[in-house]
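To start, the structure under review is shown below, and the notes come after it.
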Amino acid sequence: PAGTVPRRRPPRSDMGRGLTLLLLPLALLAAPAQAEGGTAEAAEVKIEVLHLPEACSPKSKKGDLLNAHYDGFLASDGSKFYCSRTQNEGHPKWFVLGVGQVIKGLDIAMMNMCPGEKRKVIIPPSLAYGQQGYAQGKIPPNATLIFEIELYAVNKGPRSVEAFNQIDKDNDKKLSQLEISQYLKEEFARDGKKRHPSAHDEILTDIFKKNDHDGDGFISAKEYNVYQHDEL
């Protein structure tokens with residue numbers, strides 16, 4: 001939501017979806033600073049459904065891992081400030097819904113959306129970049145934004161019971177370095193991308209640095225389940 005800062009990319013851009021599922025889901029646009037004015041509660045996101053597939057399941061909810069393409073425009077003159085198809089070799093973006101990885105307006109706009117659905121959404125400044133704008137993204141102050149979104153996939157989020165149990169091979173409700181190491185190897189093999197030999201160890205170290213809060217060498221269910229939308 002508004003109030004977050006831009007996420008710094010990990011040192012390697014090819015860490016793969018294994019790390020995505022654990023730590024670093026790809027973000028769309030995170031607000032660089034809190035939207036000013038205090039009108040977020042009164043503001044509204046306007047949603048127009050452009051295409052709704054006959055089969056609409058599952059519908060997106062907070063904590064889900066979404067895969068989408070999107071174009072962003074300034075409402076003032078219709079100019080395009082972002083196109084996901086020109087980033088990351090044109091791959092759709094992965095991100096977690098409802099946890100502040102995107103501006104507040106997008107978190108709202110993409111709730112209850114189904115795979116294959118297309119939406120056009122209008123987001124007021126208070127739910128985007130507010131009075132300060134976002135110069136790096138070519139977004140001026142007090143800008144109303146328009147996004148055209150195509151959603152491809154709705155998956156269980158990275159902090160779900162299913163994801164935790166998949167990694168927790170011995171079912172002791174905590175994740176060891178060996179278990180996460182094996183999980184990363186499996187994910188790396190699955191996506192088939194070439195990586196520097198040191199990438200695995202760097203990612204594993206980073207995961208424990210950011211998640212093992214009590215320093216006991218394990219990531220407990222409580223430490224893992226930061227989104228608090230499932231019970232382990």
Using side chain to side chain contact (heavy atoms under 4.5 Å, CB included), reason through V154 and C114 one step at a time and then give a plain yes or no. CA-CA 7 Å; V154 177; C114 55; over 6 Å; no
Side chain to side chain contact (heavy atoms under 4.5 Å, CB included) between F208 and I219, worked out: CA-CA 7 Å; F208 274 84; I219 297 174; 3.9 Å; yes
Between K104 and D107, is the salt bridge (charged side-chain N to carboxylate O under 4.0 Å, His left out) condition met? List the steps. CA-CA 5 Å; K104 180 68 172 179; D107 267 340; over 6 Å; no
Start with the C-alpha distance between K80 and D71, add both sets of side-chain angles, then the distance that settles side chain to side chain contact (heavy atoms under 4.5 Å, CB included), and finish with yes or no. CA-CA 7 Å; K80 183 182 291 188; D71 295 321; 4.0 Å; yes
Between Y82 and Y70, is a ring-ring contact (aromatic ring centres under 6.0 Å, His included) present by the stated rule, with each step listed? CA-CA 8 Å; Y82 191 81; Y70 53 91; 5.3 Å; yes
Might you work through the side chain to side chain contact (heavy atoms under 4.5 Å, CB included) test for D168 and E179, ending with a clear yes or no? CA-CA 7 Å; D168 184 23; E179 286 173 328; 3.4 Å; yes
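No path of Ile, Leu, Val, Met, Phe, Trp and Tyr side chains, each step under 4.5 Å between heavy atoms, connects I123 with F73, placing them in separate hydrophobic clusters.
Residues that satisfy the side chain to side chain donor-acceptor pair (under 3.5 Å) test with S181, not counting sequence neighbours, are H200. In this structure, E148 has no side chain to side chain donor-acceptor pair (under 3.5 Å) partners at least two apart in sequence or on a different chain.
In this structure, CG in D216 is found 11.0 Å from OG in S176, a value given to the nearest 0.5 Å. To the nearest 0.5 Å, atoms CG (L204) and OH (Y183) are separated by 13.0 Å. Rounded to the nearest 0.5 Å, atoms OH (Y152) and CG (N67) are 8.0 Å apart. With values rounded to the nearest 0.5 angstrom, L175 atom CG is found 8.5 Å from S220 atom OG. Note: K59 NZ to L151 CG = 12.5 Å, rounded to the nearest 0.5 Å. D212 contributes atom CG, which lies 8.0 Å from atom CD of Q177 (distance to the nearest 0.5 angstrom).
Under the 4.5 Å side-chain criterion, counting only non-hydrogen atoms from C-beta, L97 is not in contact with L65. Using a 4.5 Å heavy-atom cutoff, the side chains of L127 and I103 are not in contact. M113 places a side-chain heavy atom less than 4.5 Å from the side chain of S60. In this structure the side chain of K173 reaches within 4.5 angstrom of the side chain of N165, judged on heavy atoms. Between I207 and L184 there is a side-chain heavy-atom pair separated by less than 4.5 Å. By the 4.5 Å heavy-atom criterion applied to side chains, L145 and L74 are counted as neighbours.
For the residue pair Q132 and Y134, no side-chain donor N or O sits within less than 3.5 Å of a side-chain acceptor on the partner.
Looking at E117, its side chain never comes within 3.5 Å of a backbone N or O of L52 through a donor-acceptor pair. The backbone N or O of C83 lies less than 3.5 Å from no partner atom in the side chain of H69, so there is not a single donor-acceptor pair.
Shown here for P124 and I122, the closest heavy-atom pair between the two residues is CD-O, 3.9 Å. P115 approaches P58 most closely through the heavy-atom pair CD-O, 3.2 Å. The minimum heavy-atom distance linking M111 with G98 is given by the pair CE-CA, 4.1 Å.
For the salt bridge (charged side-chain N to carboxylate O under 4.0 Å, His left out) condition, no pair includes a residue of residues 46-57, sequence neighbours left out.
The pair R85-E150 counts as a salt bridge, with a side-chain nitrogen and a carboxylate oxygen less than 4.0 angstrom apart.
Residue V121 forms a side-chain contact (heavy atoms from CB on, under 4.5 Å) with just one option from V49, I146, I149, and that option is I149. Of the residues listed (I47, D64, V45, L66), the one engaging M110 in a side-chain contact (heavy atoms from CB on, under 4.5 Å) is L66, and it is the only one.
Between F147 and F81, the distance from one ring center to the other falls under 6.0 angstrom.
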